[in-house]
Amino acid sequence: MTSRPPLDVLIRRVDPDVPLPSYARPGDAGADLRTTESCELAPGERVVLPTGVSIALPEGYAAFVHPRSGLAARCGVALVNAPGTVDAGYRGEIKVIVVNLDPREAVRFERFDRIAQLVVQQVEKVRFQEVAELPASARAEGGFGSTGGHAAVDVGSGGSAGEQTGGNRYASVVSDREGQ
Ligand SMILES: O=c1ccn([C@H]2C[C@H](O)[C@@H](COP(=O)(O)OP(=O)(O)OP(=O)(O)O)O2)c(=O)[nH]1
Ligand SMILES: [Mg+2]
């Protein structure tokens with residue numbers, strides 16, 4: 001099997017001392033990102049951590065900031081927006097939005113700890129072609145547990161994705177409506 005040569009991605013250190021993102025093992029999909037700031041997160045607390053690097057991806061690519069499974073399993077650390085999307089045109093410092101989901105324990109990060117991993121992928125740019133009817137498919141409109149295995153979520157008529165029936169358990173996104 002022939003493997004493709006690696007893609008060259010331009011990178012700039014915002015923090016001159018930060019180690020560059022690197023793959024821990026051959027075959028890894030994600031290159032580990034480090035934080036340049038130390039911090040302590042109380043249970044439930046979130047923080048935006050700098051990584052000390054910015055990149056210039058070729059057009060047609062995006063980078064995705066994924067959580068590290070070990071941190072999630074051991075400490076309950078998650079990324080609020082996982083996976084974070086780094087656009088090809090973004091030249092700012094890559095940031096990581098970390099949350100401590102452990103109900104009891106604080107979590108501490110030291111400078112240069114590995115906090116997330118960056119997966120670079122080719123992405124399609126699409127042209128949306130509006131039609132009155134979409135072509136038929138086996139799944140049709142079935143979603144959210146429609147194949148069984150657990151109680152299907154009733155999203156109701158006009159309900160937003162993920163809305164729970166019988167309660168107001170979804171967060172309002174009012175502040176995001178300006179851009180629509
Ligand atoms: O985990 C992340 C996610 C995003 N970004 C940067 C790169 C990305 O190109 C930019 C914008 O991200 P996104 O499009 O997800 O955020 P938005 O809220 O839609 O902001 P914008 O209005 O700037 O697109 O922020 C990060 O550094 N880390
Ligand atoms: Mg955006």
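By convention here, the first residue in the shown sequence is residue 1. Just so you know, ligand 1 is whichever comes first in the structure, and atom 1 is the first atom listed for that ligand.
- Between R68 and D113 there is no salt bridge, since no side-chain nitrogen of the basic residue lies less than 4.0 Å from a carboxylate oxygen of the acidic one.
- Not a single protein heavy atom sits closer than 4.0 Å to atom 20 (O) of ligand 1.
- For the pair N100 (side chain) and L41 (backbone), a donor-acceptor distance under 3.5 Å is present.
- The minimum heavy-atom distance between A88 and P58, with the atom names listed, is CB-O, 3.7 Å.
- Distance check for atom 17 (P) of ligand 1: every protein heavy atom is found at 4.0 Å or beyond.
- Contact annotation: for N81 versus ligand 1, heavy atoms closer than 4.0 Å belong to the side chain alone.
- Distances from atom 11 (C) of ligand 1 to the heavy atoms of I94, V65, D87 put D87 nearest.
- Using a distance-only test at 3.5 Å, with no hydrogens or angles considered, no donor-acceptor pair links the side chain of D28 to the main chain of G30.
- For atom 8 (C) of ligand 1, the nearest protein heavy atom (residue, atom name, distance) is T85 O, 3.1 Å.
- V18 and L118 fall within a single hydrophobic cluster, where Ile, Leu, Val, Met, Phe, Trp and Tyr are joined by side-chain heavy atoms under 4.5 Å apart, directly or via other members.
- The distance from the SG atom of C75 to the CD atom of E105 is 9.5 Å, given to the nearest 0.5 Å.
- Atom numbering of ligand 1 starts at 1 in the shown order; those under 4.0 Å from a heavy atom of V86 are 7 (C), 8 (C), 9 (O).
- By the criterion of side-chain heavy atoms lying less than 4.5 angstrom apart, applied directly or through intervening Ile, Leu, Val, Met, Phe, Trp or Tyr residues, Y61 is grouped together with L20 in one hydrophobic cluster.
- Protein heavy atom closest to atom 26 (C) of ligand 1, with residue, atom name and distance, is K95 O, 3.6 Å.
- Proximity of atom 23 (O) of ligand 1 to the protein is not indicated, since no non-hydrogen protein atom lies closer than 4.0 angstrom.
- Within 4.0 Å of atom 28 (N) of ligand 1, at least one protein heavy atom is present.
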